[in-house]
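Below is the structure I would like to discuss, written out as structure tokens.
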Amino acid sequence: MRVFSLLDRSVRSFHQSPAISKSLLLLTATATASGGVFVAYSEPKANGVEKSSETPQVNSRKQRVVVLGTGWAGTSFLKNLDSSMYDVQVVSPRNYFAFTPLLPSVTCGTVEARSIVEPIRNIIKKKSEEIQFFEAECVKIDAANKKVCCRSNHDVNLEGKEEFLLDYDYLVIALGARSNTFNTPGVMENCHFLKEIEDAQKIRRSVVDCFERANLPNLNEEEKKTNLHFLIVGGGPTGVEFAAELHDFVHEDLVKLYPMVRDLVKITVVQSGDHILNTFDERISSFAEAKFQRDGIEVKTGYRVVSVSDKAIIMKAKALGEISSIPYGMVVWSTGIGTRPVIMDFMEQIGQKDRRALATDEWLRVKGCENVFALGDCATIHQRRVMEDISSIFTIADKDNSGTLTVKEFQDIIEDIVIRYPQVELYFKSKHLCNVVDLLKDSGGDDKKDSIELDIEGFKSALSHVDSQMKSLPATAQVAAQQGEYLSRCFNHMKECKDNPEGPLRFRQSGRHQFRPFQYKHFGQFAPLGGEQTAAELPGDWVSIGHSTQWLWYSVYASKQVSWRTRALVVSDWTRRFIFGRDSSRI
């Protein structure tokens with residue numbers, strides 16, 4: 001009875017004192033963990049109403065964002081996203097980010113492979129909220145049910161399942177692209193590619209293998225020449241940079257180690273176009289061709305590879321149609337990018353079957369899908385034409401419904417037009433037009449500002465050539481990184497911009513767009529040409545070529561590394577190469 005009396009007094013004290021109640025709960029939990037008894041407790045009724053044992057909870061589930069890919073676009077998005085606002089999950093078959101512009105340097109040992117990769121977990125652990133990462137490959141996207149099917153890269157789990165499903169509220173597709181073989185026979189079986197870290201490592205081993213085979217005593221001179229013939233198919237930035245790196249590796253390092261075969265090495269670049277680096281300024285393209293000729297690198301332009309065997313490539317001259325065969329020791333295929341199978345399957349689902357990449361609008365939203373975004377090499381922006389909306393624009397600009405536009409009315413709306421249609425700004429720059437008045441004069445209007453008025457036909461005439469400036473964005477790291485940063489900003493400001501839109505006017509509807517559309521800003525591009533010389537195409541139609549540009553290249557690429565760790569490693573690799581040369585070990 002004494003025990004029950006003590007228990008009764010304890011319970012009354014427990015009800016009267018919240019502090020005691022918390023202490024007792026802690027003690028009973030500890031006692032239970034130690035093998036003691038467990039005391040159940042229920043709150044008393046208050047004002048005749050029994051308090052529920054479960055506290056009502058507001059549904060505060062964060063919306064889930066699933067990110068596919070850890071390349072330039074995906075990593076840029078993750079680095080800039082406010083992860084405290086979302087439940088973020090990342091899926092990628094590789095658990096690192098690779099600084100792909102330095103892949104040609106990895107092929108020859110100028111930079112080590114691990115110096116240009118950063119574990120993705122190192123990047124996401126710096127975020128304030130936890131981001132989940134799954135090392136797996138996305139094999140199917142089910143936009144109708146908002147699910148993605150992924151396959152693990154590792155052994156099956158305890159239940160024997162390789163695949164798993166992830167639900168999403170928002171899906172960010174940043175899967176990149178694969179090398180484009182154009183269905184050329186023998187390419188997949190006999191050629192090297194240069195898209196991933198593994199590709200660069202394979203090329204590095206193959207280069208050393210070619211020299212080791214050529215150094216064997218049982219080969220005649222012709223066989224040695226074949227083994228030491230390096231073919232690069234594709235005269236774009238990647239192919240040209242690899243050819244330059246290979247030339248430096250051979251003539252600065254390997255000929256000292258293999259003196260018997262130094263005169264047998266040959267490097268050939270095969271390009272289907274009329275010039276290499278045809279996306280660069282003509283001055284850079286001409287300089288590159290002249291330098292390669294001086295260095296002994298043969299450039300074959302106007303040839304298309306029709307097949308590749310294990311010993312030779314078969315080419316066809318585009319001008320004359322002649323077929324020729326070239327024996328080789330190693331071939332690197334660098335002819336552009338193609339669509340990944342999972343993206344092709346997804347495009348077929350959403351009615352984009354015949355496209356080369358996912359079509360998005362100017363806000364990077366996949367056309368025909370809700371809450372699905374695509375960026376980087378796997379997507380292309382479908383820019384809307386001004387002439388598609390010209391009548392709607394005129395109607396909104398004509399505030400007094402007079403049927404004509406004054407300069408003032410045009411000026412009031414031109415800012416929204418420029419933001420909504422980036423080609424308008426490009427047209428202004430190409431024509432050296434400073435303002436609306438210049439545009440109207442250029443289209444044949446009156447020279448007097450106050451007297452300029454346009455009807456709908458004159459308005460169409462003034463903007464009729466604007467859409468000629470529409471250009472597809474290049475598939476570069478620079479574009480992908482800017483898209484990732486832009487999209488993360490949209491996600492970070494999604495709630496506030498829903499109530500206070502920041503975008504341009506909706507010309508076909510009322511109100512404004514929630515966000516400003518994506519606008520790419522070009523900061524220039526580099527083309528290392530070997531021999532400590534680089535060509536650079538900079539904003540403002542500036543071209544820089546030579547040794548000083550090489551040092552600019554060093555500084556820019558060092559500063560663009562994703563972490564201080566990789567920055568230090570890359571700079572130390574460059575320093576090591578200057579002092580000790582490149583390592584020729586086959587590892």
Side-chain angles (χ1 to χ4, degrees), residues 103-110 179 181 184 186-195 199-216 219 221-272 276-277 288-289 291-301 303 305 307-315 324-335 527-531 582-586:
L103 282 179
S105 297
V106 174
T107 62
C108 299
T110 306
S179 297
T181 65
T184 306
V187 171
M188 292 297 297
E189 297 81 5
N190 302 298
C191 295
H192 290 277
F193 302 100
L194 194 47
K195 287 287 293 177
D199 296 334
Q201 291 173 317
K202 289 178 183 176
I203 291 173
R204 184 174 177 178
R205 287 192 291 268
S206 294
V207 170
V208 177
D209 285 345
C210 288
F211 275 85
E212 291 293 351
R213 282 199 303 269
N215 203 48
L216 294 175
L219 270 65
E221 186 169 320
E222 194 62 34
E223 290 171 329
K224 290 181 179 181
K225 282 184 178 180
T226 298
N227 276 305
L228 294 175
H229 189 190
F230 300 95
L231 272 169
I232 297 99
V233 181
T238 302
V240 167
E241 186 173 348
F242 170 66
E245 280 280 355
L246 181 60
H247 175 269
D248 287 353
F249 185 31
V250 169
H251 290 275
E252 293 176 8
D253 300 283
L254 292 182
V255 293
K256 300 175 184 177
L257 304 175
Y258 304 90
M260 301 298 292
V261 297
R262 64 181 303 162
D263 297 326
L264 306 179
V265 181
K266 185 177 181 181
I267 301 172
T268 302
V269 177
V270 179
Q271 165 72 339
S272 61
I276 60 174
L277 297 178
E289 290 175 354
K291 185 179 185 306
F292 275 14
Q293 186 176 7
R294 292 194 303 270
D295 291 341
I297 300 174
E298 185 178 9
V299 177
K300 288 183 171 291
T301 57
Y303 283 88
V305 176
S307 67
V308 182
S309 69
D310 58 346
K311 295 181 180 179
I313 66 168
I314 309 300
M315 305 187 309
S324 57
S325 174
I326 302 180
Y328 66 85
M330 186 185 80
V331 179
V332 174
W333 188 272
S334 178
T335 60
L529 302 174
R582 301 170 181 84
D583 183 11
S584 63
S585 302
R586 189 195 185 281

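For the numbers below, each heavy atom of this structure counts, side chains included, while hydrogens, waters and symmetry mates do not.
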Separation between CG of L257 and CZ of R582, rounded to the nearest 0.5 Å | 12.0 Å
Backbone N or O of K202 within a donor-acceptor pair of the H192 side chain at under 3.5 Å?
-> no
Spatial distance of atom CD1 (I326) from atom NZ (K300) [nearest 0.5 Å] | 5.0 Å
Identify the heavy atoms of E241 and S105 that sit nearest to each other, and give their distance.
-> OE2-OG, 4.5 Å
For side chain to side chain contact (heavy atoms under 4.5 Å, CB included), just list the numbers for V265 and F230, CA-CA rounded to whole Å, side-chain angles, deciding distance to a tenth of an Å, and then say yes or no.
-> CA-CA 8 Å; V265 181; F230 300 95; 4.1 Å; yes
About how many Å separate CG of L228 and NZ of K224, when rounded to the nearest 0.5 Å?
-> 9.0 Å
H247 side chain vs G530 backbone, donor-acceptor pair below 3.5 Å | no
L103 CG to K195 NZ distance, which is reported to the nearest 0.5 Å | 9.0 Å
Classify the ring geometry between F211 and Y258 as parallel (under 30°), tilted (30 to 60°) or perpendicular (over 60°).
-> tilted
When every non-hydrogen atom of A244 is compared with those of L529, the smallest separation belongs to CB-C, 3.3 Å
The single option from T107, L254, V255 passing side chain to side chain contact (heavy atoms under 4.5 Å, CB included) against F249 | L254
Of all heavy-atom pairs linking T238 and S334, the shortest is CB-OG, 3.5 Å
K225, NZ: over 12 other non-hydrogen atoms inside 6.0 angstrom | no
Check: Y328 and K266 side chains under 4.5 Å, non-hydrogen atoms | no
For residues M330 and C210, report the shortest heavy-atom separation together with the two atoms involved.
-> CB-SG, 4.1 Å
Value rounded to 0.5 Å, distance of OG1 in T184 from CH2 in W333 = 4.0 Å
Taking all non-hydrogen atoms of both residues, which atom of A214 and which atom of V261 are closest, and how far apart?
-> O-CG1, 3.8 Å
Distance-minimising heavy-atom pair for T226 and P327 = CG2-CB, 4.0 Å
In this structure, CD1 of I314 is separated from OG of S309 (nearest 0.5 Å) by 6.0 Å
Sequence neighbours left out, what passes side-chain contact (heavy atoms from CB on, under 4.5 Å) with D209? Give chain and number order.
-> R213, R586
Would you say D253 and S584 make side-chain contact, with heavy atoms under 4.5 Å?
-> no
R205 atom CZ, neighbour heavy-atom count above 12 within 6.0 Å = yes
Any residue meeting salt bridge (charged side-chain N to carboxylate O under 4.0 Å, His left out) with R204, in chain and number order, not counting sequence neighbours = E112
Using a 4.5 Å cut-off on heavy atoms from C-beta on, say whether the side chain of Q293 contacts that of E289.
-> no
What residue among T335, I297, I267 forms side chain to side chain contact (heavy atoms under 4.5 Å, CB included) with I232?
-> I267
